[in-house]
Undergrad: 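Let me give you the structure first, and then I'll get to my questions.
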Amino acid sequence: MSACGKTLAALLLLLALIINAGDGHTTASAKADLKRIQFQIVTVETRGGQRHVLSNATVEGPPGTDFQINLESERFKMDARFLTDLVNNDALQVRAKLQTRRLYGRSANDLPLYEEDAQSHTLRLSFEEAIILLPFGRAGDDRFSIEITPALTNQPAYLATGEVTPPAIQIDDRQLRGVISIQAQAAPHEYDAQVSLLRDGREVARGNARLMREEAGEVVLRPLDPTSAELTDRPLAVNLTLAPFAQDCAADRLKVSFDLYRVGKPGADQRAMIATDWQGVARAGADLRYDLSNDAAGLAAGKLELKFNLKPADR
(Lines give C-alpha, C1' and ligand atoms only; values in the text may rest on other atoms or scores of the structure.)
Protein backbone atom coordinates (compact mmCIF):
# COMPACT_ATOMS: atom_id res chain seq x y z
CA MET A 1 0.00 0.00 0.00
CA SER A 2 1.28 3.48 -0.80
CA ALA A 3 0.44 7.17 -0.56
CA CYS A 4 -0.26 8.28 -4.04
CA GLY A 5 -28.27 2.51 -7.75
CA LYS A 6 -32.81 0.04 -8.00
CA THR A 7 -31.02 0.28 -4.56
CA LEU A 8 -31.22 -2.73 -2.26
CA ALA A 9 -28.40 -2.03 0.11
CA ALA A 10 -28.29 0.95 2.45
CA LEU A 11 -25.74 3.24 3.91
CA LEU A 12 -26.09 4.22 7.56
CA LEU A 13 -24.21 7.23 8.78
CA LEU A 14 -24.06 7.64 12.56
CA LEU A 15 -22.33 10.73 13.83
CA ALA A 16 -22.70 13.62 16.29
CA LEU A 17 -22.87 16.97 14.48
CA ILE A 18 -21.24 20.19 15.55
CA ILE A 19 -21.91 22.92 13.00
CA ASN A 20 -19.44 25.75 12.90
CA ALA A 21 -19.50 28.83 10.71
CA GLY A 22 -16.41 29.81 8.80
CA ASP A 23 -15.08 30.26 5.31
CA GLY A 24 -12.24 27.74 5.61
CA HIS A 25 -9.74 30.10 4.02
CA THR A 26 -6.16 29.96 5.23
CA THR A 27 -3.91 33.00 5.10
CA ALA A 28 -0.23 32.68 4.43
CA SER A 29 0.62 33.82 7.96
CA ALA A 30 -1.43 30.95 9.41
CA LYS A 31 0.36 28.23 7.47
CA ALA A 32 2.86 27.60 10.22
CA ASP A 33 0.05 26.90 12.71
CA LEU A 34 -1.73 24.32 10.57
CA LYS A 35 -1.43 20.74 11.80
CA ARG A 36 -1.76 17.44 9.98
CA ILE A 37 -5.00 15.48 10.29
CA GLN A 38 -5.14 11.75 10.88
CA PHE A 39 -8.03 9.48 9.90
CA GLN A 40 -8.31 6.13 11.65
CA ILE A 41 -10.07 3.69 9.29
CA VAL A 42 -11.28 0.37 10.70
CA THR A 43 -13.05 -2.32 8.68
CA VAL A 44 -15.24 -4.68 10.67
CA GLU A 45 -17.17 -7.84 9.82
CA THR A 46 -20.03 -8.85 12.13
CA ARG A 47 -21.33 -12.39 11.95
CA GLY A 48 -23.71 -13.95 14.43
CA GLY A 49 -23.39 -10.90 16.64
CA GLN A 50 -19.62 -11.31 16.85
CA ARG A 51 -17.46 -8.38 15.82
CA HIS A 52 -14.23 -9.11 13.98
CA VAL A 53 -11.78 -6.34 13.08
CA LEU A 54 -10.43 -7.14 9.64
CA SER A 55 -8.07 -4.26 9.06
CA ASN A 56 -6.93 -1.10 10.74
CA ALA A 57 -5.48 1.74 8.70
CA THR A 58 -4.51 5.36 9.16
CA VAL A 59 -4.40 8.13 6.57
CA GLU A 60 -2.55 11.24 7.67
CA GLY A 61 -1.94 14.46 5.80
CA PRO A 62 -2.42 18.22 5.66
CA PRO A 63 -5.91 19.78 5.76
CA GLY A 64 -7.69 18.97 2.53
CA THR A 65 -6.30 15.45 2.30
CA ASP A 66 -8.69 13.19 0.38
CA PHE A 67 -8.72 9.43 0.38
CA GLN A 68 -10.31 6.56 -1.48
CA ILE A 69 -11.07 3.09 -0.09
CA ASN A 70 -11.46 0.16 -2.48
CA LEU A 71 -12.75 -3.21 -1.33
CA GLU A 72 -13.15 -6.15 -3.66
CA SER A 73 -13.67 -9.87 -3.10
CA GLU A 74 -15.75 -12.68 -4.55
CA ARG A 75 -18.80 -11.40 -2.63
CA PHE A 76 -18.57 -7.62 -2.74
CA LYS A 77 -17.03 -4.55 -4.29
CA MET A 78 -16.94 -1.02 -2.92
CA ASP A 79 -15.51 2.30 -4.06
CA ALA A 80 -15.70 4.91 -1.28
CA ARG A 81 -14.31 8.42 -1.84
CA PHE A 82 -13.90 11.07 0.83
CA LEU A 83 -13.12 14.75 0.20
CA THR A 84 -12.27 16.59 3.39
CA ASP A 85 -11.98 20.27 4.30
CA LEU A 86 -10.95 21.88 7.57
CA VAL A 87 -13.62 24.21 9.01
CA ASN A 88 -12.62 26.79 11.62
CA ASN A 89 -9.69 24.69 12.80
CA ASP A 90 -11.88 22.51 15.02
CA ALA A 91 -14.23 20.66 12.66
CA LEU A 92 -14.25 18.95 9.30
CA GLN A 93 -16.55 18.96 6.30
CA VAL A 94 -16.53 15.57 4.63
CA ARG A 95 -18.07 14.82 1.25
CA ALA A 96 -18.58 11.06 1.00
CA LYS A 97 -19.42 9.21 -2.20
CA LEU A 98 -19.98 5.50 -1.97
CA GLN A 99 -20.73 2.85 -4.59
CA THR A 100 -21.25 -0.73 -3.48
CA ARG A 101 -22.06 -4.06 -5.05
CA ARG A 102 -22.63 -7.34 -3.21
CA LEU A 103 -23.52 -10.85 -4.32
CA TYR A 104 -27.18 -11.31 -3.31
CA GLY A 105 -27.76 -14.87 -4.49
CA ARG A 106 -28.18 -16.87 -7.65
CA SER A 107 -31.02 -17.06 -10.18
CA ALA A 108 -33.02 -20.12 -11.19
CA ASN A 109 -30.53 -20.46 -14.04
CA ASP A 110 -27.68 -20.34 -11.54
CA LEU A 111 -26.57 -16.85 -12.60
CA PRO A 112 -25.21 -14.42 -9.98
CA LEU A 113 -27.59 -11.74 -8.67
CA TYR A 114 -26.18 -8.55 -7.17
CA GLU A 115 -27.50 -5.74 -5.00
CA GLU A 116 -26.11 -2.26 -5.65
CA ASP A 117 -26.16 1.10 -3.92
CA ALA A 118 -24.89 4.61 -4.62
CA GLN A 119 -24.83 7.26 -1.91
CA SER A 120 -23.57 10.83 -1.65
CA HIS A 121 -23.47 12.86 1.57
CA THR A 122 -21.97 16.10 2.85
CA LEU A 123 -21.27 15.97 6.58
CA ARG A 124 -19.74 18.12 9.29
CA LEU A 125 -18.17 16.60 12.36
CA SER A 126 -15.71 17.59 15.01
CA PHE A 127 -12.48 15.81 15.71
CA GLU A 128 -12.70 12.52 17.60
CA GLU A 129 -16.28 11.97 16.32
CA ALA A 130 -16.82 8.97 14.06
CA ILE A 131 -18.51 8.24 10.76
CA ILE A 132 -19.81 4.66 10.62
CA LEU A 133 -20.64 3.29 7.17
CA LEU A 134 -22.73 0.15 6.65
CA PRO A 135 -22.42 -0.24 2.88
CA PHE A 136 -24.61 -3.33 2.59
CA GLY A 137 -27.26 -2.47 5.17
CA ARG A 138 -28.07 -3.43 8.75
CA ALA A 139 -30.33 -6.43 8.13
CA GLY A 140 -29.15 -9.94 8.82
CA ASP A 141 -26.30 -11.33 10.81
CA ASP A 142 -23.74 -10.77 8.07
CA ARG A 143 -22.71 -7.10 8.13
CA PHE A 144 -19.72 -5.13 7.02
CA SER A 145 -18.86 -1.69 8.37
CA ILE A 146 -16.23 0.99 7.95
CA GLU A 147 -15.52 3.28 10.89
CA ILE A 148 -13.64 6.53 10.28
CA THR A 149 -12.48 8.77 13.13
CA PRO A 150 -10.51 11.99 12.46
CA ALA A 151 -8.03 13.51 14.88
CA LEU A 152 -5.88 16.62 14.79
CA THR A 153 -2.20 15.80 15.29
CA ASN A 154 0.60 17.99 16.61
CA GLN A 155 2.60 17.60 13.40
CA PRO A 156 2.91 20.66 11.10
CA ALA A 157 1.10 20.59 7.78
CA TYR A 158 3.86 22.61 6.10
CA LEU A 159 7.61 22.21 6.08
CA ALA A 160 9.91 25.08 7.04
CA THR A 161 10.47 25.61 3.29
CA GLY A 162 6.75 26.32 2.82
CA GLU A 163 6.10 23.05 1.02
CA VAL A 164 3.07 21.04 2.08
CA THR A 165 3.80 17.72 3.75
CA PRO A 166 2.62 14.72 1.69
CA PRO A 167 -0.10 12.30 2.85
CA ALA A 168 0.94 9.01 4.43
CA ILE A 169 -0.89 5.68 4.70
CA GLN A 170 -0.37 2.81 7.10
CA ILE A 171 -2.41 -0.40 6.93
CA ASP A 172 -2.53 -3.30 9.35
CA ASP A 173 -4.01 -5.86 6.92
CA ARG A 174 -4.97 -8.94 8.90
CA GLN A 175 -7.40 -10.93 6.77
CA LEU A 176 -8.20 -8.77 3.74
CA ARG A 177 -4.79 -8.81 2.11
CA GLY A 178 -5.27 -8.01 -1.57
CA VAL A 179 -8.91 -7.04 -0.99
CA ILE A 180 -8.63 -3.60 0.60
CA SER A 181 -6.61 -0.73 -0.83
CA ILE A 182 -6.41 2.93 0.17
CA GLN A 183 -5.14 5.92 -1.77
CA ALA A 184 -4.69 9.45 -0.47
CA GLN A 185 -3.97 12.78 -2.12
CA ALA A 186 -3.81 16.42 -1.09
CA ALA A 187 -5.20 18.35 -4.06
CA PRO A 188 -7.27 21.53 -4.60
CA HIS A 189 -11.04 21.20 -4.22
CA GLU A 190 -12.15 24.48 -5.82
CA TYR A 191 -11.23 25.69 -9.28
CA ASP A 192 -11.77 28.91 -11.17
CA ALA A 193 -12.97 27.87 -14.62
CA GLN A 194 -12.89 30.09 -17.67
CA VAL A 195 -14.62 28.74 -20.78
CA SER A 196 -14.34 30.61 -24.08
CA LEU A 197 -15.76 30.29 -27.58
CA LEU A 198 -13.25 31.06 -30.32
CA ARG A 199 -14.06 31.82 -33.95
CA ASP A 200 -11.03 31.65 -36.23
CA GLY A 201 -8.81 32.00 -33.17
CA ARG A 202 -10.58 35.11 -31.82
CA GLU A 203 -12.51 34.99 -28.55
CA VAL A 204 -16.18 35.86 -29.14
CA ALA A 205 -17.83 34.61 -25.92
CA ARG A 206 -16.68 33.80 -22.41
CA GLY A 207 -17.97 32.44 -19.12
CA ASN A 208 -16.44 32.17 -15.67
CA ALA A 209 -17.43 30.10 -12.66
CA ARG A 210 -15.99 28.68 -9.47
CA LEU A 211 -16.44 24.92 -9.43
CA MET A 212 -16.12 22.35 -6.68
CA ARG A 213 -14.27 19.24 -7.74
CA GLU A 214 -16.53 16.26 -8.56
CA GLU A 215 -19.65 18.46 -8.54
CA ALA A 216 -21.26 19.56 -11.80
CA GLY A 217 -21.56 23.30 -12.43
CA GLU A 218 -22.98 25.37 -15.27
CA VAL A 219 -20.91 27.97 -17.09
CA VAL A 220 -22.85 30.28 -19.43
CA LEU A 221 -20.82 31.91 -22.21
CA ARG A 222 -21.75 35.55 -22.74
CA PRO A 223 -20.86 37.28 -26.02
CA LEU A 224 -18.07 39.81 -25.87
CA ASP A 225 -19.90 41.77 -28.59
CA PRO A 226 -23.31 42.70 -27.13
CA THR A 227 -24.71 43.16 -30.66
CA SER A 228 -24.12 39.46 -31.44
CA ALA A 229 -27.73 38.24 -31.63
CA GLU A 230 -26.76 34.62 -32.30
CA LEU A 231 -25.08 34.39 -28.90
CA THR A 232 -27.17 36.90 -26.93
CA ASP A 233 -30.59 35.36 -27.56
CA ARG A 234 -29.49 31.75 -27.06
CA PRO A 235 -26.06 31.66 -25.45
CA LEU A 236 -23.89 28.60 -25.21
CA ALA A 237 -23.55 26.90 -21.84
CA VAL A 238 -21.41 24.12 -20.47
CA ASN A 239 -22.34 21.71 -17.68
CA LEU A 240 -18.87 20.92 -16.39
CA THR A 241 -17.49 18.40 -13.91
CA LEU A 242 -13.88 18.17 -12.77
CA ALA A 243 -12.34 15.08 -11.19
CA PRO A 244 -8.84 13.80 -10.45
CA PHE A 245 -7.14 12.07 -13.34
CA ALA A 246 -6.96 8.50 -12.02
CA GLN A 247 -4.09 7.43 -14.27
CA ASP A 248 -1.79 10.12 -12.99
CA CYS A 249 -0.96 11.01 -9.39
CA ALA A 250 -0.01 14.57 -10.40
CA ALA A 251 -2.31 16.96 -8.54
CA ASP A 252 -2.37 19.47 -11.42
CA ARG A 253 -4.01 17.06 -13.90
CA LEU A 254 -7.82 16.89 -14.07
CA LYS A 255 -10.39 14.80 -15.87
CA VAL A 256 -12.84 17.14 -17.60
CA SER A 257 -16.38 15.96 -18.43
CA PHE A 258 -18.98 18.27 -19.95
CA ASP A 259 -22.21 18.72 -21.89
CA LEU A 260 -22.50 21.62 -24.31
CA TYR A 261 -25.85 23.18 -25.19
CA ARG A 262 -27.63 26.39 -26.08
CA VAL A 263 -29.99 27.81 -23.48
CA GLY A 264 -33.36 29.41 -24.13
CA LYS A 265 -34.51 32.86 -23.23
CA PRO A 266 -34.81 33.78 -19.53
CA GLY A 267 -37.67 31.87 -17.92
CA ALA A 268 -37.72 29.23 -20.65
CA ASP A 269 -36.23 25.90 -19.68
CA GLN A 270 -35.13 24.90 -23.15
CA ARG A 271 -31.81 23.36 -23.98
CA ALA A 272 -30.61 22.46 -27.44
CA MET A 273 -27.90 19.88 -26.88
CA ILE A 274 -24.77 20.12 -29.00
CA ALA A 275 -22.43 17.68 -27.29
CA THR A 276 -23.03 15.15 -24.50
CA ASP A 277 -20.46 13.63 -22.17
CA TRP A 278 -17.38 14.95 -23.91
CA GLN A 279 -14.25 14.31 -21.91
CA GLY A 280 -10.60 15.14 -21.75
CA VAL A 281 -7.63 15.68 -19.49
CA ALA A 282 -6.50 19.18 -18.58
CA ARG A 283 -3.48 20.50 -16.77
CA ALA A 284 -4.15 23.32 -14.33
CA GLY A 285 -3.44 26.70 -15.90
CA ALA A 286 -3.06 25.30 -19.43
CA ASP A 287 -5.60 25.65 -22.23
CA LEU A 288 -7.69 22.67 -23.32
CA ARG A 289 -9.42 23.07 -26.70
CA TYR A 290 -12.18 21.26 -28.60
CA ASP A 291 -13.07 21.76 -32.26
CA LEU A 292 -16.76 22.66 -32.62
CA SER A 293 -16.81 23.46 -36.33
CA ASN A 294 -18.97 20.43 -37.12
CA ASP A 295 -21.11 20.53 -33.99
CA ALA A 296 -22.20 24.06 -33.01
CA ALA A 297 -25.52 24.28 -34.89
CA GLY A 298 -26.90 27.73 -35.52
CA LEU A 299 -23.59 29.58 -35.22
CA ALA A 300 -21.99 31.52 -38.01
CA ALA A 301 -19.41 29.82 -40.17
CA GLY A 302 -15.74 29.71 -39.27
CA LYS A 303 -13.42 27.54 -37.25
CA LEU A 304 -15.14 27.25 -33.91
CA GLU A 305 -13.32 26.10 -30.78
CA LEU A 306 -14.24 25.68 -27.14
CA LYS A 307 -11.38 26.57 -24.80
CA PHE A 308 -11.10 25.65 -21.13
CA ASN A 309 -8.68 27.12 -18.63
CA LEU A 310 -8.82 25.75 -15.09
CA LYS A 311 -6.88 27.07 -12.12
CA PRO A 312 -7.02 26.21 -8.41
CA ALA A 313 -9.03 28.86 -6.58
CA ASP A 314 -7.20 31.09 -4.12
CA ARG A 315 -7.72 29.74 -0.60
Undergrad: Tell me whether Leu123 shares a hydrophobic cluster with Leu92, the cluster being built from Ile, Leu, Val, Met, Phe, Trp, Tyr side chains joined at under 4.5 Å.
TA: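 Linked, Leu123 and Leu92 end up in one cluster.
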
Undergrad: Going by side-chain contact (heavy atoms from CB on, under 4.5 Å), name the residues that satisfy it together with Gln279, two or more places apart in sequence or in a different chain.
TA: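 Applying side-chain contact (heavy atoms from CB on, under 4.5 Å) to Gln279 gives Lys255, Ser257, Asp277.
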
Undergrad: Could I get the full list of side-chain hydrogen bond (donor to acceptor under 3.5 Å, both in side chains) partners for Thr161, not counting sequence neighbours?
TA: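 side-chain hydrogen bond (donor to acceptor under 3.5 Å, both in side chains) check on Thr161 returns Glu163.
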
Undergrad: Which atom pair, heavy atoms only, marks the closest approach of Phe127 to Leu152?
TA: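 So the two residues come closest at CD2-N, 3.7 Å.
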
Undergrad: Among the clusters formed by ILVMFWY side chains lying less than 4.5 Å apart, do Leu254 and Leu288 turn up in the same one?
TA: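 Yes, same cluster.
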
Undergrad: Please indicate whether Lys307 has more than 12 foreign heavy atoms, meaning atoms of other residues, nucleotides or ligands, lying under 6.0 Å from its NZ.
TA: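 Yes.
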
Undergrad: Where is the tightest heavy-atom contact between Val44 and Arg51, given as atom of each residue plus distance?
TA: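 Minimum heavy-atom separation between Val44 and Arg51: CG1-CG, 3.3 Å.
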
Undergrad: Hey, what's the ring geometry for Phe308 with Tyr290, parallel, tilted or perpendicular (30° and 60° as the breaks)?
TA: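 Perpendicular: the ring planes of Phe308 and Tyr290 meet at over 60°.
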
Undergrad: Let's go through Phe67 and Thr84 carefully: what are the C-alpha distance in whole Å and the side-chain angles of both, what is the deciding distance for side chain to side chain contact (heavy atoms under 4.5 Å, CB included) to 0.1 Å, and is it a yes or a no?
TA: CA-CA 9 Å; Phe67 54 95; Thr84 72; 4.3 Å; yes

Undergrad: For Asp110, check salt bridge (charged side-chain N to carboxylate O under 4.0 Å, His left out) against everything at least two apart and list the hits.
TA: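 Listed in chain order: Arg106.
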
Undergrad: My understanding is that only residues two or more places apart in sequence, or in another chain, count here; which of them pass side-chain contact (heavy atoms from CB on, under 4.5 Å) with Leu224?
TA: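 With sequence neighbours excluded, Leu224 shows a side-chain contact (heavy atoms from CB on, under 4.5 Å) to Glu203, Arg206, given in chain and number order.
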
Undergrad: How far apart are the closest heavy atoms of Leu221 and Val195, and which atoms are they?
TA: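 Heavy atoms only, the tightest pair is CG-O, 3.7 Å.
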
Undergrad: Output, in order, the C-alpha distance, side-chain angles, deciding distance and verdict of side chain to side chain contact (heavy atoms under 4.5 Å, CB included) for Val204 and Leu304.
TA: CA-CA 10 Å; Val204 295; Leu304 298 175; 5.9 Å; no

Undergrad: Please name all residues satisfying side-chain hydrogen bond (donor to acceptor under 3.5 Å, both in side chains) with Asp200, sequence neighbours left out, ordered by chain then number.
TA: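 Testing Asp200 for side-chain hydrogen bond (donor to acceptor under 3.5 Å, both in side chains), a comparison that skips the adjacent residues, returns none.
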
Undergrad: What do the steps show when you test Val53 against Val42 for side chain to side chain contact (heavy atoms under 4.5 Å, CB included), and what is the final call?
TA: CA-CA 7 Å; Val53 175; Val42 181; 3.8 Å; yes

Undergrad: Got a sec, which residues hit side-chain hydrogen bond (donor to acceptor under 3.5 Å, both in side chains) with Glu60, two or more places apart in sequence or on another chain?
TA: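 Here the qualifying residues are Arg36, Gln38.
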
Undergrad: Leu83: what forms a side-chain contact (heavy atoms from CB on, under 4.5 Å) with it, not counting sequence neighbours?
TA: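 Residues passing side-chain contact (heavy atoms from CB on, under 4.5 Å) with Leu83: Asp66, Arg95, His189, Arg213, Glu214.
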
Undergrad: Can you name the residues that form a salt bridge (charged side-chain N to carboxylate O under 4.0 Å, His left out) with Asp291, not counting sequence neighbours?
TA: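 Checked Asp291 against salt bridge (charged side-chain N to carboxylate O under 4.0 Å, His left out); zero matches.
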
Undergrad: Holding to salt bridge (charged side-chain N to carboxylate O under 4.0 Å, His left out), I want the full list of residues that pass it with Arg222, two or more places apart in sequence or in another chain.
TA: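 Not a single residue meets the salt bridge (charged side-chain N to carboxylate O under 4.0 Å, His left out) criterion with Arg222.
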
Undergrad: With clusters defined by side-chain heavy atoms of hydrophobic residues (ILVMFWY) lying less than 4.5 Å apart, directly or transitively, does Met212 cluster with Phe258?
TA: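 No, it is not one cluster - the side chains of Phe258 and Met212 are not joined through contacts under 4.5 Å.
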
Undergrad: Check the hydrophobic clustering (I, L, V, M, F, W, Y; side-chain heavy atoms under 4.5 Å; chains of links allowed) and say if Tyr114 and Leu111 are grouped together.
TA: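 No, Tyr114 and Leu111 fall in different hydrophobic clusters.
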
Undergrad: Would you name the heavy atoms of Ile169 and Ala184 that are closest together and state the gap between them?
TA: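 Here Ile169 and Ala184 meet closest at CD1-N, 3.7 Å.
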
Undergrad: What pairs with Asn309 under side-chain hydrogen bond (donor to acceptor under 3.5 Å, both in side chains), at least two apart in sequence or on another chain?
TA: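 Applying side-chain hydrogen bond (donor to acceptor under 3.5 Å, both in side chains) to Asn309 gives Asp287.
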
Undergrad: Could you tell me the separation between the CG atom of Leu236 and the OG atom of Ser196, rounded to the nearest 0.5 Å?
TA: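 One finds 11.5 Å between CG of Leu236 and OG of Ser196.
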
Undergrad: Should Val238 and Val220 be regarded as members of a common hydrophobic cluster, given that ILVMFWY residues are connected when their side-chain heavy atoms come within less than 4.5 Å of each other, either directly or indirectly?
TA: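 Shared cluster, no.
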
Undergrad: State which residues pass salt bridge (charged side-chain N to carboxylate O under 4.0 Å, His left out) with Glu128; sequence neighbours excluded, sorted by chain then number.
TA: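 Partners of Glu128 under the salt bridge (charged side-chain N to carboxylate O under 4.0 Å, His left out) test: none.
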
Undergrad: Run the side-chain contact (heavy atoms from CB on, under 4.5 Å) test against Ala80 and tell me which residues pass, sequence neighbours left out.
TA: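 For Ala80, the residues satisfying side-chain contact (heavy atoms from CB on, under 4.5 Å) (neighbours in sequence not counted) are Ile69, Met78, Phe82, Leu98.
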
Undergrad: Any idea which heavy atoms bring Ser126 and Pro150 closest together, and the distance?
TA: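 Looks like O-CG, 4.2 Å.
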
Undergrad: Do you know which two heavy atoms are closest between Glu218 and Asn239, and how far apart they sit?
TA: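 Reported closest heavy-atom pair: N-OD1, 4.2 Å.
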
